[in-house]
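Atoms within each ligand, like the ligands themselves, are counted from 1 in listed order.
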Amino acid sequence: MANPTIVLLPVWGAGHFMPMLQAGKQLLASSSRPLSLTVLLMPAPTAQSASDISDHVRREEAAGAGDIRFHHLPDVKLPTDHSGVEEFISRAVQLHVPHLRAAIIGLTCPVAALVVDIFCTPALDVTRELAVPAYVYFTSSAAMLSLLLRSPALDEEVVVEFEEMEGALDLPGLPPVPPSVLPGTLLERKSPTYKWFVYTGRRYVEASGIIVNTADELEPRVLAAIAEGRCTRGARAPAVYPIGPVLALTPPAHAEEQPHECLRWLDAQPPASVLFLCFGSKGFLTKPQAHEIARGLERSGHRFLWVLRGLPADISRGAGDPSDANLAELLPEGFLGETNGRGLVWPKRAPQKEILAHASVGGFVTHCGWNSILESLWFGVPMLPWPLGAEQHFNAFTLVCDMGVAVPLKVDRKRDNFVEAAELERAVRSLMGGGNEGRKAKEKAMEMMVVCRKAVDHGGSSCASVKRLSEDLLGGAVVLPNV
Ligand SMILES: COc1cc(-c2[o+]c3cc(O)cc([O-])c3cc2O[C@@H]2O[C@H](CO)[C@H](O)[C@H](O)[C@H]2O)cc(OC)c1O
Ligand SMILES: O=c1ccn([C@@H]2O[C@H](COP(=O)(O)OP(=O)(O)O)[C@@H](O)[C@H]2O)c(=O)[nH]1
């Protein structure tokens with residue numbers, strides 16, 4: 001009989017599809033018996049994400065590594081009247097349910113599990129019907145997972161809008177959580193997307209397991225709270241497998257290859273002297289905000305490498321990637337000349353992982369996407385959190401108040417996450433200037449670096465989790481009758 005297969009259902013977006021595939025490959029590599037991967041591809045909602053994913057699929061197919069098959073699901077008419085990403089993904093998956101069922105029934109090998117991405121829980125209707133084990137692959141932190149698991153209880157316990165409640169929220173394993181840092185969706189309880197968030201939390205407990213891109217030692221208290229049922233009103237939570245950091249690290253360049261211009265510029269800077277600023281795959285800045293940053297950086301006196309992107313070309317659809325920045329248009333006159341030698345502004349996508357790995361980088365202004373956070377910790381770089389949306393304000397809170405790897409930055413969430421020049425200058429000096437606050441964050445980030453590398457090494461906690469997961473998957477494989 002053919003090898004059992006793990007079926008993956010990732011959502012579109014490089015930050016989801018790639019880490020999920022990477023995790024799948026780790027499972028194949030660590031399994032005691034041969035396993036294969038079947039990746040179900042839902043047609044992507046934007047031209048950009050469609051081309052990102054097809055490029056990646058083409059590279060994987062050309063590399064031919066491991067037993068991996070890609071299966072394209074048919075088109076569905078995607079929702080256009082959604083109130084947020086939680087609703088959009090959930091309803092899109094709901095529309096795909098008949099195709100998902102057909103794709104899984106059509107498999108001729110035993111099915112070990114269906115592993116679904118964040119907000120894909122309508123797919124659990126299919127696993128329940130076919131008695132196939134269901135797992136969630138969670139691309140964000142265990143802290144965020146605990147918030148999702150606890151959301152059905154919070155929905156009943158708190159009767160007002162969260163921002164109107166007295167005091168802070170109790171999330172077991174975390175310091176008291178100010179409502180102001182919750183994902184935007186939780187701050188509008190009347191919106192349909194809020195209902196989909198809570199629905200997701202409710203359905204997660206149906207899963208056989210939740211795979212999280214974190215390490216036990218990175219978030220020990222939250223992971224213990226989940227395991228002890230403290231986020232699920234005492235009820236047993238699904239088994240949690242912290243298998244991270246799962247990072248798609250770039251292989252070292254060939255000797256004959258010219259290093260990227262940003263890396264060559266970093267080669268000429270002193271160790272740990274450069275502040276790196278980058279706002280994820282979707283982050284861009286308006287002209288007033290770019291001016292504040294420019295003034296803040298100029299006055300701080302510190303060296304910097306700033307990835308500055310412009311508005312997406314098709315802003316009307318709200319989901320496009322940022323454009324290459326027109327620096328002459330976005331930056332204050334004279335700024336590039338005044339900071340020449342100590343600063344580089346890069347207007348395109350930059351090789352973030354290689355930059356964070358460079359010895360000249362001493363701090364990272366990040367939008368707090370979970371992948372960026374893990375990459376920063378992997379290289380022991382302390383952070384200045386500048387969250388922009390989704391769960392990033394919550395991530396920023398955990399970086400400062402739980403992990404201690406970041407120096408706080410005042411971001412005005414009510415003014416489109418605006419940061420004043422003086423505030424940026426203060427925070428940059430605090431992180432990079434050798435004072436107590438910055439030194440402590442640096443020490444903590446270095447500790448986390450060690451912890452992350454140990455976790456994925458042989459005998460480490462994440463390595464053991466992957467092993468345990470692959471055994472559990474093999475144990476649960478079912479042969480479908482192909483009806
Ligand atoms: C898939 O495309 C998008 C995903 C998100 C998104 O939204 C989101 C909303 C929440 O209420 C809680 C979340 O945890 C969450 C997470 C999330 O995905 C992003 O995933 C990235 C990598 O996996 C990374 O971790 C980021 O930190 C997350 O924000 C939002 C979105 O547009 C707003 C998408 O297009
Ligand atoms: O100029 C850029 C911007 C982003 N990234 C990469 O894109 C991913 C961003 O993922 P994250 O979860 O941090 O945020 P998102 O982009 O999903 O909001 C990370 O791997 C970054 O290294 C990059 O390489 N160069």
Side-chain angles (χ1 to χ4, degrees), residues 10-20 22-23 42 44-46 48-49 52-53 82-90 92-93 117-120 136-148 151 182-188 191 193-194 196-198 200-201 212-214 244-250 260 262 276-284 305-309 317-322 324-325 346-357 364 366-379 383 385 387-396 398-399:
V11 294
W12 332 270
H16 288 255
F17 176 78
M18 261 112 92
M20 201 157 167
Q22 181 77 12
M42 295 184 276
T46 64
Q48 181 70 50
S49 49
D52 285 353
I53 289 182
H82 53 282
S83 54
V85 68
E86 300 82 356
E87 180 183 4
F88 179 74
I89 298 176
S90 305
V93 172
D117 204 335
I118 194 168
F119 306 126
C120 294
V136 174
Y137 183 70
F138 200 74
T139 47
S140 195
S141 65
M144 185 59 219
L145 171 62
S146 80
L147 179 59
L148 259 165
S151 64
L182 292 176
T185 293
L186 292 192
L187 301 179
E188 286 180 54
S191 88
T193 209
Y194 168 82
W196 282 107
F197 186 101
V198 177
T200 302
V212 195
N213 191 3
T214 191
V246 177
L247 304 172
L249 293 173
T250 329
H260 191 276
C262 289
F276 173 49
L277 299 93
C278 187
F279 297 89
S281 55
K282 298 198 193 99
F284 57 88
L305 167 51
W306 176 10
V307 179
L308 171 58
R309 313 293 308 276
R317 297 176 66 186
D321 276 9
D324 292 351
W346 186 254
K348 299 182 254 194
R349 193 177 163 87
Q352 175 168 301
K353 286 178 275 240
E354 290 91 322
I355 291 171
L356 288 168
F364 180 24
T366 172
H367 78 305
C368 297
W370 186 242
N371 292 298
S372 295
I373 290 171
L374 290 177
E375 289 162 15
S376 203
L377 297 178
W378 183 259
F379 294 109
M383 287 165 265
L388 299 177
E391 88 293 23
Q392 296 150 13
H393 287 85
F394 182 70
N395 291 347
T398 61
L399 290 183

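Dense packing is recorded around CD of E354, with more than 12 heavy atoms of other residues, nucleotides or ligands lying under 6.0 Å away.
T214 contributes no side-chain N or O that, together with a main-chain N or O of G244, makes up a donor-acceptor pair within less than 3.5 Å. The main-chain N or O of L247 is never found under 3.5 Å from a side-chain atom of W378 such that the two would form a donor-acceptor pair.
Protein heavy atom nearest atom 5 (N) of ligand 2, with residue, atom name and distance: R349 NH2, 3.5 Å. Atom 14 (O) of ligand 2 has as its closest protein heavy atom H367 NE2, 3.0 Å. The nearest heavy-atom contact from the protein to atom 10 (O) of ligand 2 is N371 CB, 3.6 Å.
Atom CG of L182 sits about 12.0 Å away from atom CD of E391, to the nearest 0.5 Å. The line from CG of L308 to CG of L277 is 9.5 Å long, rounded to the nearest 0.5 Å. With values rounded to the nearest 0.5 angstrom, I89 atom CD1 is found 6.5 Å from H16 atom NE2. Put simply, OH on Y137 and CD1 on I118 are 11.5 Å apart, with the number rounded to the nearest 0.5 Å. Atom CG of L399 is separated from atom CZ of F394 by 11.0 Å, given to the nearest 0.5 angstrom.
When heavy-atom distances to ligand 2 are checked against a 4.0 Å cut-off, F279 has no atom that comes that close, whether in backbone or side chain. Looking at A390 against ligand 2, nothing comes within 4.0 Å, counting heavy atoms.
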I373 and C368: CA distance, side-chain angles, deciding distance, side-chain contact (heavy atoms from CB on, under 4.5 Å) verdict: CA-CA 6 Å; I373 290 171; C368 297; 4.1 Å; yes
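No salt bridge links K282 with D321; every basic N to acidic carboxylate O contact stays at or beyond 4.0 Å.
Not a single protein heavy atom sits closer than 4.0 Å to atom 8 (C) of ligand 2.
Proximity to W370 (heavy-atom distance under 4.0 Å) selects the following atoms of ligand 2: 12 (O). Within the listing of ligand 2, atoms 1 (O), 2 (C), 3 (C) sit less than 4.0 angstrom from a heavy atom of C278. Near G369, meaning under 4.0 Å from any of its heavy atoms, are these atoms of ligand 2: 11 (P), 12 (O), 13 (O), 14 (O). Against a heavy-atom cut-off of under 4.0 Å, E375 is close to the following atoms of ligand 2: 19 (C), 20 (O), 21 (C), 22 (O).
Put simply, no part of K348 is less than 4.0 Å from ligand 2, judged by heavy atoms. Heavy atoms of G280 approach ligand 2 to within less than 4.0 angstrom.
For the residue pair E375 and N371, no side-chain donor N or O sits within less than 3.5 Å of a side-chain acceptor on the partner.
The aromatic ring centroids of F88 and W12 lie less than 6.0 Å from each other.
The option with the heavy atom closest to atom 17 (O) of ligand 2, from among S281, G283, A248, S140, is S281. Of the listed options S376, S372, A350, A350 places a heavy atom closest to atom 23 (C) of ligand 2.
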Does ligand 1 have any N/O pairs with the protein under 3.5 Å, and how far apart?
| residue | atom | partner | partner atom | Å |
| --- | --- | --- | --- | --- |
| ligand 1 | 11 (O) | E86 | OE2 | 2.6 |
| ligand 1 | 18 (O) | H16 | NE2 | 3.2 |
| ligand 1 | 20 (O) | H16 | NE2 | 2.8 |
| ligand 1 | 23 (O) | G15 | O | 2.9 |
| ligand 1 | 23 (O) | H16 | NE2 | 3.2 |
| ligand 1 | 23 (O) | T139 | OG1 | 3.1 |
| ligand 1 | 25 (O) | W370 | N | 3.2 |
| ligand 1 | 27 (O) | W370 | N | 3.2 |
| ligand 1 | 27 (O) | E391 | OE1 | 3.2 |
| ligand 1 | 27 (O) | E391 | OE2 | 2.9 |
| ligand 1 | 29 (O) | E391 | OE1 | 2.7 |
| ligand 1 | 35 (O) | K282 | NZ | 3.2 |

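Of the candidates E87, E86, H82, E86 is the only one forming a side-chain hydrogen bond (donor to acceptor under 3.5 Å, both in side chains) with T193.
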